[in-house]
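One structure is given below, encoded as structure tokens.
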There are 2 protein chains.
Amino acid sequence: MSQVDKQLDTLKSEIEQEIPNDITVTDVKYEGPELVVYTRDPKQFAGDGDLIRRLASKLRKRITVRPDPSALSPPARAEEEVREVIPDDAGVTDLDFHEDTGEVVIEAEKPGMVIGRRGSTLREITQEVGWTPEVVRTPPIESSTVSNVRGFLKNEREERRDILERVGRQIHREEMSDDEWVRITTLGCCREVGRAAFIVSTPETRILVDCGDKPGAEGEVPYLQIPEALGAGAATLDAVVLTHAHLDHSALIPLLFKYGYDGPIYTTEPTRDLMGLLTLDYLDVAAKEGRTPPYESAQVRDAIKHTIPLEYGDVTDVAPDVKLTFHNAGHILGSAVTHFHIGDGLYNIAFSGDIHYEDTRLFNGAVNDFPRVETLVLESTYGGRDDYQTDQADSEEALKEVINETYEQDGKVVIPAFAVGRSQEIMLVLEEAMREGEIPTMPVHLDGMIWEATAIHTTYPEYLRDDLRDRIFHDDENPFLADQFNHIDAGEDERQEVADGDECIVISTSGMIEGGPIMSWLRHIGPDPDSNLVFVGYQAQGTLGRRIQNGWDEIPVDGWGGGSRGDTLTLQMGTEVVDGFSGHADRQGLENFVKTMNPRPEKVLCVHGDERSVQDLSSALYHDYNMRTFAPKNLETFRFK
Amino acid sequence: MSQVDKQLDTLKSEIEQEIPNDITVTDVKYEGPELVVYTRDPKQFAGDGDLIRRLASKLRKRITVRPDPSALSPPARAEEEVREVIPDDAGVTDLDFHEDTGEVVIEAEKPGMVIGRRGSTLREITQEVGWTPEVVRTPPIESSTVSNVRGFLKNEREERRDILERVGRQIHREEMSDDEWVRITTLGCCREVGRAAFIVSTPETRILVDCGDKPGAEGEVPYLQIPEALGAGAATLDAVVLTHAHLDHSALIPLLFKYGYDGPIYTTEPTRDLMGLLTLDYLDVAAKEGRTPPYESAQVRDAIKHTIPLEYGDVTDVAPDVKLTFHNAGHILGSAVTHFHIGDGLYNIAFSGDIHYEDTRLFNGAVNDFPRVETLVLESTYGGRDDYQTDQADSEEALKEVINETYEQDGKVVIPAFAVGRSQEIMLVLEEAMREGEIPTMPVHLDGMIWEATAIHTTYPEYLRDDLRDRIFHDDENPFLADQFNHIDAGEDERQEVADGDECIVISTSGMIEGGPIMSWLRHIGPDPDSNLVFVGYQAQGTLGRRIQNGWDEIPVDGWGGGSRGDTLTLQMGTEVVDGFSGHADRQGLENFVKTMNPRPEKVLCVHGDERSVQDLSSALYHDYNMRTFAPKNLETFRFK
Ligand SMILES: [Zn+2]
Ligand SMILES: [Zn+2]
Ligand SMILES: [Zn+2]
Ligand SMILES: [Zn+2]
Ligand SMILES: [Zn+2]
């Protein structure tokens, strides 16, 4: 009998001692980080509202109870009974019964009403029919990403259960080493912005944190080939953790599966969906530009299949000696500050990922409160000594002014933006400004995945700022459903029509003008001196966006908007920079994040910023807060314990 | 045709263009770092004394010329002719003809006379018989190590040639990466003394420097199991470089072959022999103490078979992008400061290994003059702020005083010492003092490999200090042959006899009283209050030597000198510390080494010292010489380019 099987046997006995005599436990299994308890008496289990919580706290495990197949009502009858228990207002749109696991997935417009006060409705369902309910939200705006991911996972349920069981046994394997050490290896994004990738390693465990590409520097990928990364085989990694879906963190996650990785990816649910959206687009863009993409869509599906979604605040065993917890990072939907608790109190590391410290219209500010943390790995995008951003209120005024001026001279406003995050923030600003009459109400055209990304935002309102979440719950107040928002979904013809038409605003990807429909908009509107190109986000070195910001006006547009190879265009439209909408904390925000952090970390590694930014931030934190600070290079390893 | 074969073809054409028309080249091969040129006309080749040097400098390769088998006189006739060419005074003791390679190995008491002025006699030999001569010294004191190693290598010539050819092709393989970086990973001996092991890595190449154990801390071995060491398989290492034979640098070199390593070990010839001696003893000691040794003698032979000996100053290609050069380190016989020239001028690293900066009786001081060096990895054994040693002249006075006092009270002097280095230094002091009448002439008993180590020293006088070398060339002046030196070669009976006898001096291993015959001497002489135990070397933390220095007098002697398990002994003999004989530079010596180093390195990693020593030295070098200094931990990786 393997050590894990012995462990499960012991757990079964402990559970049996804890539960009433009339409940039979038929099996106990690991599925990923969860302990799944199969019972012939799901109804009695559900009867004691507190039982599962008590078990979880006694065994120090996340526990899921599932009915033994013998205990299930047949789906047809169960469906009827389930629908009876759930209030009509919940807006159930789908019921999906999985006989293999005894789960019923309930998709509803108002998941809260399916759950009930403290889960009372869910327990009632189990008491009625024996099935274990799982609730997901019906997207208020139809999202092909969400429905594809859900459909795919439904088809792959069986293989997924195998993966989860394998991962579960791996997580709960016996510890082999007496040795104690904790290290971080930098594989990318040190003294640069892009290709985020780190290895956290202990004698037991190796975890990859992020695996992104570098915008504006094709070919500069994380150093995955070195021995301490995948050199000894991708299968030697225990886990992959993804802080958020931006491509500089996620683009090469699917590549790991091509390299033979077969383990879990821990991230939030919205990040999983956004990663699917953005990496598939990344493949499309590569194909359009005639590059061979490093992997195919099959690997994106692999990544999704291997994802174990976690919620903010869940403390999760991901290895015998590592517990992982995500916290809101305030940067984009689902973005997470990632906390590792290593050993039994041995060491704690927090990766900021990308953060925004202040609240924005979309998100609450980043969490910086932890039980313990000795080392912080801190993004430094705006860590330079002069990287202070305008207050968002002032930025919004400036944006409205540019829009009003452009409108008055009959021009159009073109805003290049990342599909995810800044686009939705700008949408919220524009919707309010139009509603309040501060700018004229005119069409806002959303091009290149922005619509789809917005739909995903509305699917996961729990990840948005409280008041915004509440508005989305009411269709008539959902700002993203405002009439003036138009989805460009008819290609070049629609763009031409818009370009030939009246005053309007265009928000289009890519955010750094590296391809995507923004190229087409520049071709159509670029020659119009009455229009304005407005930058609202960071433009990385080497990107066309940065070059245009620096005054280039002779730009290549080949292949986009009907142009042909080698075409260039002289930009006649005005360019404006309205900063302050960044998804990143500015220098003050970074300092505040560290200064108010609880507890104060002993060491800070400043990463994800150009050479000057990481050096400035590192030396400021050292001098002002008396921490040991570092500005690592790529390919270094730091030992902490 | 492989890239290496193409390269060899090109080299053959270049050689043919350079040499006279009457010389035919039949083949060109790599053997390790050397280019071997086979010719049907070895006599003509030897006729032009400068030809090989010209070829070497044109092709920038080390070149060896060998006769094609068709060009050889038969061995019997050749032997006669060779003996005729070599002067009788050379004292030829063996001639060994290898028909497979056309080499004749000549063992002689005076190798210089076989070589002749600038190699004239060697060339004469080839011109006479066609064979390529190779000269080795007949040990002036018979050494079983030297004769075993030579005998073994003679038997393994064919396999060795296969190894060398494989290594040669590996060294001259095509470079694969456009990337440029240079890193050092610390696997041991950081903030500690012991288990020296580092990885030097580039995108092409990974080289292990040293692989030792940690005296006084069984089980604390280098972190070989991590991915960046052997985690991806020992075969992923390109080369192993050994700075010197002390076990804290060499003990686990043979283990690499158990782990599947099959590549070259670069070191000096005396280090190869001493490594053989010390690692075999290491296995013996483990067996005697009932421990399972980590490898067997077969792996020691593997290590010897895979050794490619280099001389001080030889610039040697060890990988497509790495050139290695050894320089005298002044520490023990064959010890080397190890210089890596990486890329074509990209970066230079020097590892000090263990060094002695000043001249000693045995050795010239360490070399610190290099064409270029950006990073120095510096030993720090005596790097602490108070680690100033007595001048050796004063130490010698002190030692003589202790000896005289002990003699006057009819006691004996027992000196624990490493077999290699300090023992010979002390022998030289005693021989001179007795010759000059400063101490009474009395027997000096050498126990536990010290005699054998001394024999190895006399085999390689080129590695000793100039004047000592010259004395060894004359048997009547060879200080190691003085009458008073007695080899303890009859075990316990002889020891008992010595203990029961008159005043004498005993020098015995192990140097830190961790087993070995010193345990027996303590048992025999320890209870005598008129005798003295004299420490002349560093006693590492955790060793019994350190404990006795700190005042412990209740010591375990089980199993040694007829004692049985669990026996302890109360030490009654006096203990004296006479420092200043260290093989290590003291704090002043380390500073001088760095201060006078040419060129001055930009970065210094302080290693091979306890926590306080590395911190003190690191901060002193930073403040006084304005270098970037580090006191690394084990398991870290530093990137330099
Ligand atoms: Zn981001
Ligand atoms: Zn980022
Ligand atoms: Zn649409
Ligand atoms: Zn040494
Ligand atoms: Zn050493």
Side-chain angles (χ1 to χ4, degrees), chain A residues 176-188 190-192 195 198-208 217-238 259-260 347 375 603 605 607 628 630-641, chain B residues 176-188 190-192 195 198-208 217-238 259-260 347 375 603 605 607 628 630-641:
Chain A
M176 298 303 288
S177 173
D178 299 331
D179 222 350
E180 286 189 341
W181 44 261
V182 176
R183 310 193 299 165
I184 291 178
T185 300
T186 57
L187 306 181
C190 288
R191 305 194 183 188
E192 65 183 353
R195 54 170 167 175
F198 302 89
I199 301 261
V200 174
S201 60
T202 74
E204 300 292 338
T205 302
R206 298 198 314 129
I207 297 173
L208 177 66
E218 207 208 315
E220 290 188 32
V221 297
Y223 289 94
L224 294 175
Q225 75 286 8
I226 62 170
E228 52 269 55
L230 305 185
T236 63
L237 283 181
D238 288 86
Y259 286 168
Y347 208 74
T375 283
K603 292 179 185 168
L605 273 57
V607 304
R628 293 208 59 187
F630 303 87
K633 301 194 191 78
N634 291 329
L635 290 168
E636 296 199 304
T637 296
F638 293 79
R639 180 176 172 186
F640 302 107
K641 267 283 168 178
Chain B
M176 299 304 288
S177 173
D178 299 331
D179 223 348
E180 288 189 340
W181 44 260
V182 176
R183 310 193 298 166
I184 290 178
T185 300
T186 58
L187 305 181
C190 288
R191 305 194 183 188
E192 65 182 353
R195 56 169 166 176
F198 302 89
I199 301 261
V200 175
S201 60
T202 74
E204 301 292 338
T205 302
R206 297 198 314 130
I207 297 172
L208 177 66
E218 208 207 316
E220 288 190 33
V221 297
Y223 289 94
L224 294 176
Q225 74 287 9
I226 62 169
E228 52 266 56
L230 305 185
T236 63
L237 282 181
D238 287 85
Y259 287 168
Y347 207 74
T375 283
K603 292 180 185 167
L605 273 57
V607 305
R628 293 209 58 186
F630 303 87
K633 300 194 192 79
N634 291 329
L635 290 168
E636 295 199 304
T637 296
F638 292 80
R639 180 176 173 187
F640 301 107
K641 267 281 168 179

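Keep in mind that the numbers below use all heavy atoms, side chains included, and drop hydrogens, waters and symmetry copies. All chains are named by letter (A, B, ...) in the order of the sequence lines, taking the proteins before the strands, and each is independently numbered beginning at 1. For clarity, every value in this text was computed on a predicted model and none was experimentally measured.
In A:Tyr259, the OH atom is not crowded: 12 or fewer heavy atoms of neighbouring residues, nucleotides or ligands sit closer than 6.0 Å. Atom CD of B:Glu180 has 12 or fewer heavy atoms from other residues, nucleotides or ligands within 6.0 Å. Within 6.0 Å of atom NZ in B:Lys641, 12 or fewer heavy atoms from other residues, nucleotides or ligands are found, so the atom counts as exposed in its surroundings.
With contacts defined as side-chain heavy-atom distances shorter than 4.5 Å, the pair A:Arg183/B:Ile226 qualifies. Side-chain contact between A:Phe638 and B:Thr637: absent, with no pair of heavy atoms (C-beta onward) separated by less than 4.5 Å. Side-chain contact check for A:Gln225 versus B:Pro203: every heavy-atom pair is 4.5 Å or farther apart. In this structure the side chain of A:Asn634 never reaches within 4.5 angstrom of the side chain of B:Trp181, judged on heavy atoms.
The distance from the CG atom of B:Asp179 to the CD atom of A:Glu220 is 8.5 Å, given to the nearest 0.5 Å.
In this structure, B:Glu636 contributes its side chain and A:Arg639 its backbone to a donor-acceptor pair below 3.5 Å.
The choice from A:Ser201, A:Gly233, A:Pro227, A:Ala232 that makes the most heavy-atom pairs within less than 4.5 Å of chain B is A:Pro227.
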